[in-house]
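Below is one structure, written out as structure tokens; comments come after it.
These values consider heavy atoms only, across backbone and side chains, with no hydrogens, waters or symmetry-generated copies.
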Amino acid sequence: MLNSIRQKIKNHYIVKNYGKIYPYVKPYTFRALIAVLITIPIGSMDAVIAWSLKPYMDIVMVEKNTSSTAYIPLLIIIFSVLQSLLNYTATYLNTWVGRKIANDVKIDLFTKLMHFDPIFFDKSNSGDILFRFNNNVDIACNGLLSNLKLFTTRVFSSLSLIGVLFYNSWQLAIVAVLVLIGALYPLTTLRRKLKSLFDKNIFSNAAVMMHFNETYNGHRIISSYNLYNYQLSRFKATLRSLFKLGIKMIQRTGMLSPIMHFVVSLGIAAVIWLGSYLIVTHQITAGNFVSFITALIMLYNPIKSIGNNYNSVQLSLLAMENVFNLMDSSPKICSKETAIKINGIKKNIEYKNVCFEYNPNKPVLKNISVDIPVGKTIALVGNSGGGKTTFANLLPRFYDVKSGSVCIDGIDIRDIDLNSLRNQISIVFQDNFLFAGTIRENIMLGKADASPQELDKAIKGACLDEFINSLEKGLDTNIGERGALLSGGQKQRIAIARAFLKNAPIVILDEATSALDNKSEAVVQEAVNNLMQNRTVFIIAHRLSTVRNADKILVLNHGEIVESGNHQELINKENGIYASLYKTQLK
């Protein structure tokens, strides 16, 4: 009863996943079908050699007559050449279809990845994402199709060879088929053995990728702190874990092929013993027996190693399961069906009794309420970990509030179309991400269809014109991955130019100048001041000298607004936190 339930669940899973992958196969159905159909003659031709041995043995070896069998060697050669050509065609088509399907799945997964919530990236490492969104697809699509070709070929080969077996002797054929079933039975337990190890294997492979990624991005830290031994020891520990998992996988599945080999050997021995008796009693001829043994060996030899191929198929199925689990997942932060599109901000932005936490029962913001009129500049200051960046990140809905609401012109931002909401906001981070490419390409991300005049205005507003004019290729200068060929100040100004070009009515400046030296800070601050004009601005800053001109300064401490006012009001407040911080920085 329990086995019956398990089988139903397994069949439901297979149907469900194949239903999901069919839309990806559908555009390439013709080629995929041809690739499968070609395996019919490829497999069936294996029987030609075995079948041809009967007349050869009976006529040539027994009757000593060669004239009527001269065609057999030529027939074998023709069929072998044809089989080789068909095999090449099937391999080519399977590879073509497999890679096309894999690319389509990767495109959908990449699209899904881009729309995941920031909290997903907070909790995932780069290796895990690379393996789950890229490598798993290759294992699932390419591995499954290549093994499908192998299996379909062997299925039709087996059927045709079994036909030869029954043609020569039904008694021996029954013995051979029973042995075949006994040899294949251990494969039914393979999936259960692989499931838990496969998930652990993904984690360890992802960790290996993460180490390479960390070494690439953190090579200067590794060099400056002489962390070679530290990084190497971590890498070795991960490899040891991966090695142990590989050994466990062999321990659980490695005996399949030896067991099948032993069972097959018993079958061959039984057939030889029974076949000898049938020849002596004249129930079959010597030609029947030789043809039968040849077909049997051709049937059994692939079976002895099929455990390894079946292992690969199960891994591909498990990878497919993980891929479609990702496909089925949905970001928690998304637009409602009834979402409203907005165009600009007319009155105000209001935080109403906002509470937020990253982890349960560990509040980061507690009952925050503040009304920000349009066109005003709000500065968020306070000690590290006070909730400043979180406060700003709630506005573009990088995260959703636990309770309370954030409203634009009286509309809860959860009721606003997400793309429409984010189109109203430009963000300049402390460490801005630049894409590999040119300066022009990175600035134009703010507005892909910007006119040359708009682009020139953004460059001047970001104080980039002098720097760009000093470059041989100007705007078309390549900046390297993550802007590696630029200084910190130059990166910031490109990010500011990008924000200028977007021309959003709300600007968030998250520590935009804190990582720069005094000279770079002065230039970037001028660009920031240009960007802030006629916009509603949120400034997150540790350097209080950069927020003196803000219309309102909010001092956040342990997730609460402990002080509020302009610079002059707060500096004159007796025993005030802001006044204390400001005086400390001046000293």
Side-chain angles (χ1 to χ4, degrees), residues 333 339-357 363-383 386-418 420-428 499 504-512 528 531-541 544 546-573 576-579 581-582:
I333 297 175
I340 302 167
K341 291 187 178 182
I342 61 173
N343 184 20
I345 170 174
K346 299 175 177 61
K347 297 178 182 177
N348 67 335
I349 298 169
E350 187 177 5
Y351 284 63
K352 297 180 180 178
N353 299 314
V354 168
C355 294
F356 178 80
E357 56 188 34
V364 177
L365 295 177
K366 308 169 189 174
N367 296 312
I368 298 292
S369 293
V370 61
D371 189 358
I372 304 148
V374 66
K376 299 297 182 180
T377 297
I378 302 299
L380 305 168
V381 302
N383 294 324
K388 302 184 297 296
T389 298
T390 301
F391 180 99
N393 283 341
L394 294 178
L395 184 57
R397 284 192 74 194
F398 291 159
Y399 307 92
D400 269 341
V401 300
K402 182 188 177 185
S403 62
S405 62
V406 180
C407 300
I408 293 179
D409 292 338
I411 305 170
D412 191 318
I413 60 173
R414 288 170 291 190
D415 296 326
I416 298 175
D417 177 78
L418 196 57
S420 172
L421 170 68
R422 292 175 179 172
N423 281 338
Q424 314 307 314
I425 305 169
S426 292
I427 305 177
V428 180
I506 302 170
V507 173
I508 297 174
L509 303 169
D510 190 354
E511 303 281 5
V528 165
L531 179 63
M532 290 167 58
Q533 292 179 16
N534 303 317
R535 290 179 172 90
T536 305
V537 182
F538 292 78
I539 303 175
I540 302 168
L544 302 188
T546 62
V547 303
R548 292 183 59 174
N549 297 324
D551 297 297
K552 181 180 283 188
I553 300 170
L554 304 178
V555 183
L556 274 74
N557 193 15
H558 300 298
E560 297 179 286
I561 298 176
V562 292
E563 289 182 1
S564 174
N566 61 36
H567 172 76
Q568 202 60 47
E569 291 170 347
L570 294 178
I571 204 72
N572 293 329
K573 190 173 183 179
I577 296 175
Y578 178 85
L581 289 171
Y582 190 79

key: Main-chain N/O of Gly386 paired to Asn383 side chain as donor or acceptor, under 3.5 Å   = no
ask   = Got Val547 and His567 here, is their nearest side-chain heavy-atom distance under 4.5 Å?
value = no
ask   = For the atom pair CD (Glu350) and CG (Asp409), what is the distance rounded to the nearest 0.5 Å?
value = 11.0 Å
message = Distance check, rounded to the nearest 0.5 Å: Ile411 atom CD1 versus Lys347 atom NZ?
response = 9.5 Å
Any Ile508 side-chain heavy atom under 4.5 Å of Pro396 side chain = yes
query = Is it the case that more than 12 heavy atoms not belonging to Lys376 sit under 6.0 Å from its NZ atom?
reply = no
task = Could you tell me which non-hydrogen atom of Ala579 sits nearest to which non-hydrogen atom of Ile571, and how far apart they are?
result = CB-O, 3.7 Å
ask   = For the residue pair Leu418 and Ile333, what are the closest heavy atoms and their distance?
value = CD2-O, 4.0 Å
inquiry  = Distance check, rounded to the nearest 0.5 Å: Leu365 atom CG versus Lys402 atom NZ?
reply    = 12.0 Å
ask   = CG of Asn367 to SG of Cys355: how many Å apart, nearest 0.5 Å?
value = 4.0 Å
ask   = Got more than 12 heavy atoms from elsewhere within 6.0 Å of CG, Asn572?
value = yes
ask   = Does the side chain of Leu556 reach to within under 4.5 Å of the side chain of Ile561, using non-hydrogen atoms?
value = yes
query = Any sub-3.5 Å donor-acceptor pair from Tyr351's side-chain atoms to Phe391's backbone N or O?
reply = yes
key: Interatomic spacing from CD1 in Ile368 to CG in Leu554 - rounded to 0.5 Å   = 8.0 Å
key: Atom CG of Asn549 with >12 non-hydrogen neighbours under 6.0 angstrom   = no
query = Between the side chain of Ser369 and the main-chain N/O of Asn353, is any donor-acceptor distance below 3.5 Å?
reply = yes
ask   = Taking it one step at a time, do Leu509 and Met532 satisfy side-chain contact (heavy atoms from CB on, under 4.5 Å)?
value = CA-CA 9 Å; Leu509 303 169; Met532 290 167 58; 3.9 Å; yes
ask   = Hey, does the side chain of Glu563 reach the backbone of Tyr578 with a donor-acceptor pair shorter than 3.5 angstrom?
value = yes
inquiry  = Given Phe538, which partner from the list Leu395, Val507, Ile425 fulfils the side chain to side chain contact (heavy atoms under 4.5 Å, CB included) test?
reply    = Leu395
inquiry  = Looking at Thr536 and Val374, would you say the former's side chain and the latter's main chain have a donor-acceptor pair under 3.5 Å?
reply    = no
inquiry  = Please find the pair of heavy atoms, one from Gln424 and one from Gly344, that lie closest to each other, and give the distance.
reply    = OE1-N, 2.7 Å
inquiry  = Looking at Asn348 and Asp371, would you say the former's side chain and the latter's main chain have a donor-acceptor pair under 3.5 Å?
reply    = no
ask   = Ile506 and Ile408: side-chain contact (heavy atoms from CB on, under 4.5 Å), yes or no, with the steps?
value = CA-CA 11 Å; Ile506 302 170; Ile408 293 179; 4.3 Å; yes
request  = Verify, without hydrogens or angle tests, whether Arg414 (side chain) and Arg397 (backbone) share a donor-acceptor contact under 3.5 angstrom.
outcome  = no
remark   = Looking only at heavy atoms, the pair that brings Asn566 and Ala550 closest together is CB-O, 4.3 Å
key: Test item: Lys388 side-chain N/O and Gly382 main-chain N/O as donor-acceptor pair under 3.5 Å   = yes
request  = Evaluate the side-chain contact (heavy atoms from CB on, under 4.5 Å) criterion for residues Val555 and Asn557: first the C-alpha distance (whole Å), next the side-chain angles of each, then the deciding distance (0.1 Å), finally the verdict.
outcome  = CA-CA 7 Å; Val555 183; Asn557 193 15; 5.5 Å; no
request  = Nearest 0.5 Å please: distance from the CG atom of Asn393 over to the CD1 atom of Ile427.
outcome  = 7.0 Å
